[in-house]
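Just so we're on the same page: letters track the sequence lines, and every chain starts at 1.
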Amino acid sequence: GAVVSQHPSRVICKSGTSVKIECRSLDFQATTMFWYRQFPKQSLMLMATSNEGSKATYEQGVEKDKFLINHASLTLSTLTVTSAHPEDSSFYICSAQDRGYRNQPQHFGDGTRLSIL
Amino acid sequence: AQSVAQPEDQVNVAEGNPLTVKCTYSVSGNPYLFWYVQYPNRGLQFLLKYITGDNLVKGSYGFEAEFNKSQTSFHLKKPSALVSDSALYFCAVRDRNNAGNMLTFGGGTRLMVNP
């Protein structure tokens, strides 16, 4: 089945550090990738939709200068949390959609737990 | 606009008993419906989907779900629960007319299967 690899799985760093998270579709091409944030015991909150070769579309309330998204190829999207602070600590999950198959499920990475000290 | 409701934060069931996790949805057009399961510190794993055709869909690990258009529901079911089914379950919907492929998730239901 379709596999999405997300790296790193866990990051612990000091306040003010920028952190990059990678999301790769390993065996399919993903025109669209999605970035979610999940707080403890809560559902997934869509942060942005990443389209290959174009600017990401951010959801209301998500700072695009804080959460930089790059989708340079059909198999890779990156999320960079710039100058991270403790309130950015969360579980970040990416997903990818196989292009051309809108009725197919999104495939999710295993998530990245970000802890800012 | 599209939305999903999972009315139960937690469902408790004894091992071997049937389980149901409820989901209702709202879309302006016709829905694509999905169930996902999440284990601790992991991403979401796809369980099953309804696209068209038979209202009863079967998925991974013995799970099934029934699409009910009149009640706008898509409840997840399993005839005999296992302790290993204990996890967080999410229902999701996408409007077929949603060009952006965006999924909307319910709030999640924690399933606890007791030995």
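A:N51 and A:T49 are not linked by any side-chain donor-acceptor pair at a separation below 3.5 angstrom, with hydrogens and angles left out of the test. For the residue pair A:Q38/B:Q38, the side-chain donor-acceptor check at 3.5 Å is satisfied. Donor-acceptor pairing under 3.5 Å is recorded for the side chains of B:N12 and B:Q10.
Evaluated for a side chain to side chain donor-acceptor pair (under 3.5 Å) with A:S95, the options A:Q6, A:Q106, A:H107 yield exactly one hit, A:Q106.
Heavy atoms of B:Y36 lying under 4.5 Å from chain A belong exclusively to its side chain. For B:L44, the parts sitting under 4.5 Å from any heavy atom of chain A are the backbone and the side chain alike.
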> Are B:K58 and B:E64 close enough, and set up right, to give a salt bridge (charged side-chain N to carboxylate O under 4.0 Å, His left out), and what steps lead you there?
Replying inline: CA-CA 4 Å; B:K58 294 184 183 297; B:E64 58 189 32; 2.9 Å; yes
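Contact count against chain A (heavy-atom pairs under 4.5 Å) is highest for B:N41 among B:D9, B:N41, B:T104.
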For residues 107-115 of chain B, tabulate all N or O donor-acceptor pairs below 3.5 Å that involve a side-chain atom, not counting sequence neighbours.
unit_1	atom_1	unit_2	atom_2	d
B:T109	OG1	B:Q6	NE2	3.1
B:T109	OG1	B:E8	O	2.7

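Residues A:E59 and A:M47 fail the side-chain proximity criterion, which asks for heavy atoms closer than 4.5 Å.
Annotation: residues 109-117 of chain A contacts chain B through A:G109, A:D110, A:G111, A:R113 [non-hydrogen atoms, separation under 4.5 Å].
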